[in-house]
Structures are given as structure tokens and as C-alpha cells.
Amino acid sequence: MKKDKKIISKWMYWFSFALALILVYKILDSFADIKMWFSNLFSVLSPFIVGIIIAYILYIPSRKFEQIYGKVKIIKKRARPLSIFTVYILFILLIIIGIRFLVPAITSSFQDLVNNFQSYYISIKESIMALPEDSIFKSERFMNVINQFNGFKIEDYINLNMIGQYAQGVISFASGIFDMFVSLVVSLYILLDRKKIIDFIKKFVGAFFNNQSYKNIGKYFHRTNEIFCKFLSSQFLDAIVVAILTSVAMSIMHIKYAVMLGLFIGLFNLIPYFGAIIAVTISVILTILTGGISQAIEMAIVVIILQQIDANFINPKIVGESLEISPLLVIFSVTVGGAYFGILGMFLAVPISAVIKLLITDWVEYKYQKKAELNKLTNQSE
């Protein structure tokens, strides 16, 4: 009887193994169809995904307004809907301001840069050629770099038409009025019913996990949410402050494309360490082309001073408590994130690293305590 059971168990094992191999083969063989199916599913669910993202972004300021309104007795009971209404009004106003003022200014500056790039290049080359022969700017290596731009037409690589083509996927993704309406409605309901949604998720997790696992999942979900909320809110607010400060400073210095460059530096400031370096370097190069080396040096000095003020005073004030990540880990995370996932990877690398660091630190601490307790019991028994 036992022998028959062993034979049946053996055959069941090999049957399951063969079935798994066939399943893997069919998945790989139909990978294109599966990819298409997921693509179609993502397209159908895109309004809901966008709605979730909008809700999460607006949740951060909504929570702050709810805390403020909650302190006022008259409107305390309606603090949540009032906070959501306030956030949506501000969100719409920001979009209107961007469309009304920022977009035309940036578009005009960009178009002017594209049209006049070659004239800027000729002007800067003439200025370099007028320098003394022993100047560092007339060295063979520097001149080779300058000569590479001879005949370079920026409109062949970046122009408004191509930008339209590059952004076509994004525009088509969100261009449908119905999709955008669904996204906004989804985000609104998520913000209004977030307590019910969280309670349901808690019950769902509690139904499948034991008490200890349930507590751990809740703890790490809360900590992860805190890390992302703190990082996103502080980085976006800091980027706005940097963009305004640099735009105003450049405008006072009469630097061409001041608003465009200020916004560019502010946006790249979202990327820790590398973002500021990349943005300032590109801004210096453009200022050399449009205003000469002396103006570029002055601009670089002013922007670096503003960056230092931001790094030492403004950013710590906005961020508050740090994410407790060493600079080395930040640089490593941003490098790896950028290499594999581009700009988005560089931006999200820091909070993801903070979450991974938290999990690893807690796991090591747990293992260390278990080992210490085991050693203590062993010593007592001896």
C-alpha cells in the first residue's frame, strides 16, 4: 500500500512538473498576445490609474487643509469635503495660471532659442577667437568641442513639432474628455471615501494573515506612506520655491530666457544631487550662448548661492525630519534608478531606497535579537 502511494506521489510530482513546463512554454510562446492583452487592460484602466495618482498627489495638501479646518468648530464636521473642495479649486487655478502665463512664456523662449541657436553659436565663437592665444578657451580640446557645434541645427533634434510627436502618447492617453472626467471623479471619490477604502483593505488583509503579520503589514504600509508623502510634498514645494527664486534672480540680472531656465532648474531640483548639477550646467551653456561668458559666470555664482541657501535653510525647513538616508546611498540610488528607469527612476529612487533600507534594517535587527536570545538561553542551559 505504501509502495503504491509512493508511486502515485512520484507520478503526481512529475505530472505537475511537466504541466508547469508546458504552462511556462505557452506563456513564452504567447508572450506577444499576453503583452497586448495587458496593454489593452492598461488602456481600459488608465482613467482609474490616473485618478488614483491624482488622488494620492492631492491627498497630501488635502490632509493639511483638513487638519486646519478641523480646528474650527463651525466647520469641523465638514472639514474633509471642504478641504477637498479647496484643494481642487487650487489645483484648477494652478492649471489655469500655467496655461495663461507660464506655457506661452516658455514656448516663446524655446522657439526663440531654436531659431537663433546658430547666431548665438557664431557670436560665442567669434568672442573665443578674439581671446589671447594662451587662453584656456582656445585650447585644442575646448576648440574641438566648440567646432562640433558648427552647422548644428537644434531644430533637427528638438523642435515644437517633434515635441508634439514625443508627447503624442501622453496626450492621447489623457486627451479624451470622458477619460479625464472619469479620472477626476475617481480621485474625488477616493479622497472622500478614503477612510472606508482603508478600513476595507485592513479587513481584507486581516482575513488572510495572522495577527502578527497583519500588524507588520499595517506598520510598514503606514511608514511607506509617510516616507512617500514627506518626500513628494517637500520636493515639489522646494522645486516651486527654487524655480521662483532663480527666475526672479535671473530676471533682475536681465538673463535671456529667465523664466524658462528658472523653471528648468526648479524641475530638475526634484532629482537629488544630480538634478541641480545638470540644470545649472545646461543653464550656464545657454547663458554663454545668449549673453556671453561673463554673464554666464555671474549667473552661475548667483544660482549656486541660491542652491546653497536652499540646501542649508529652505529645504531642511520644508522637509523637516530627514528620510535618514546617507548621501552615499542617495547617490547610489539615483544612479541606479536613472540607469534603469530614466528620469522617473531618478526621482523615485530616494523614497524607494528609504523603504528598502527600513525593511532591511528591521529584518537585521529582528535576526540579531533572535540570535542574542538564543545565545542567552544556550548560556543559561550550560
Legend entry - Non-hydrogen side-chain atoms of Gln212 and Asn216 separated by less than 4.5 Å: yes
Inset, instruction - For Leu270 and Ala239, work out which heavy atoms get closest and say how close. - result: CD2-CB, 3.7 Å
Inset, instruction - Quick one: pull up CZ in Phe209 and CD1 in Ile217 and give me the separation to the nearest 0.5 Å. - result: 4.0 Å
Inset, instruction - Please assess Met250 against Tyr257 for the test side-chain contact (heavy atoms from CB on, under 4.5 Å), listing each intermediate value before the final yes or no. - result: CA-CA 9 Å; Met250 288 182 183; Tyr257 314 132; over 6 Å; no
Legend entry - Shortest non-hydrogen contact from Ala243 toward Ser247: O-OG, 2.7 Å
Legend entry - Connected via hydrophobic side-chain network under 4.5 Å: Ile304 and Leu267: no
Legend entry - Gap separating the CG atom of Leu263 from the CD1 atom of Ile240, nearest 0.5 angstrom: 10.0 Å
Inset, instruction - Taking the side chain as every heavy atom from C-beta outward, state whether Tyr88 and Leu191 have any pair of such atoms under 4.5 Å apart. - result: yes
Legend entry - Heavy atoms of other groups near Asn210 CG, more than 12 under 6.0 Å: yes
Legend entry - Backbone of Ile265 reached by a side-chain donor or acceptor of Asn269 within 3.5 Å: no
Inset, instruction - With the side chain counted from C-beta on, respond yes when Thr287 and Leu261 share a heavy-atom pair under 4.5 Å apart, and no when they do not. - result: yes
Inset, instruction - Determine whether Leu188 and Ile84 make a side-chain contact, defined as any pair of heavy atoms from C-beta on separated by less than 4.5 Å. - result: yes
Inset, instruction - Give, for atom CE of Met299 and atom CD of Gln295, the distance between the pair rounded to the nearest 0.5 Å. - result: 8.5 Å
Inset, instruction - Output yes when Asp199 and Lys195 qualify as a salt bridge under the 4.0 Å nitrogen-oxygen rule, no when they do not. - result: yes
Inset, instruction - Tell me, please, which residues at least two apart from Val355 pass side chain to side chain contact (heavy atoms under 4.5 Å, CB included). - result: Thr224, Ile227, Phe228, Leu359
Legend entry - Heavy-atom neighbours of Phe332 CZ exceed 12 at 6.0 Å: no
Run the side-chain donor-acceptor check on residues 52-69: report pairs under 3.5 Å with partners two or more places apart or on a different chain.
unit_1: Tyr56; atom_1: OH; unit_2: Asn225; atom_2: OD1; d: 3.1
unit_1: Tyr59; atom_1: OH; unit_2: Arg63; atom_2: NH1; d: 3.3
unit_1: Glu66; atom_1: OE1; unit_2: Arg80; atom_2: NE; d: 3.4
unit_1: Glu66; atom_1: OE1; unit_2: Arg194; atom_2: NH2; d: 2.4
unit_1: Glu66; atom_1: OE2; unit_2: Arg80; atom_2: NE; d: 3.2
unit_1: Glu66; atom_1: OE2; unit_2: Arg80; atom_2: NH2; d: 3.3
unit_1: Tyr69; atom_1: OH; unit_2: Thr86; atom_2: OG1; d: 2.9

Inset, instruction - Identify the two heavy atoms, one from Gly337 and one from Ala349, that lie closest to each other, and give their separation to 0.1 Å. - result: CA-CB, 4.5 Å
Inset, instruction - Please round to the nearest 0.5 Å and tell me the distance separating atom CD1 of Ile278 and atom OG of Ser283. - result: 11.5 Å
Legend entry - Lys367 side chain reached by Trp363 side chain, heavy atoms, under 4.5 Å: yes
Legend entry - Separation between CD of Gln307 and CG of Leu245, rounded to the nearest 0.5 Å: 10.0 Å
Inset, instruction - Tell me whether Val334 is reachable from Ile282 by hopping between hydrophobic residues (I, L, V, M, F, W, Y) whose side-chain heavy atoms are closer than 4.5 Å. - result: yes
Inset, instruction - Under the side chain to side chain donor-acceptor pair (under 3.5 Å) rule, collect the residues that match up with Ser353, sequence neighbours excluded. - result: Ser333
Inset, instruction - Give the cluster check for Tyr220 versus Ile198: same hydrophobic cluster or not, with ILVMFWY residues linked at side-chain heavy-atom distances below 4.5 Å. - result: no
Legend entry - Rounded distance [0.5 Å steps], CZ in Phe268 versus OG1 in Thr281: 10.5 Å
Inset, instruction - Inspect the surroundings of CD1 in Ile74 and state if more than 12 heavy atoms from other residues, nucleotides or ligands are less than 6.0 Å away. - result: no
Legend entry - pair Phe221-Ile201: side-chain heavy atoms closer than 4.5 Å: no
Legend entry - Hydrophobic cluster identity match, Tyr366 and Leu358, side-chain contacts under 4.5 Å: no
Legend entry - Single-linkage hydrophobic cluster, 4.5 Å side-chain cutoff, Ile89 and Phe91 together: no
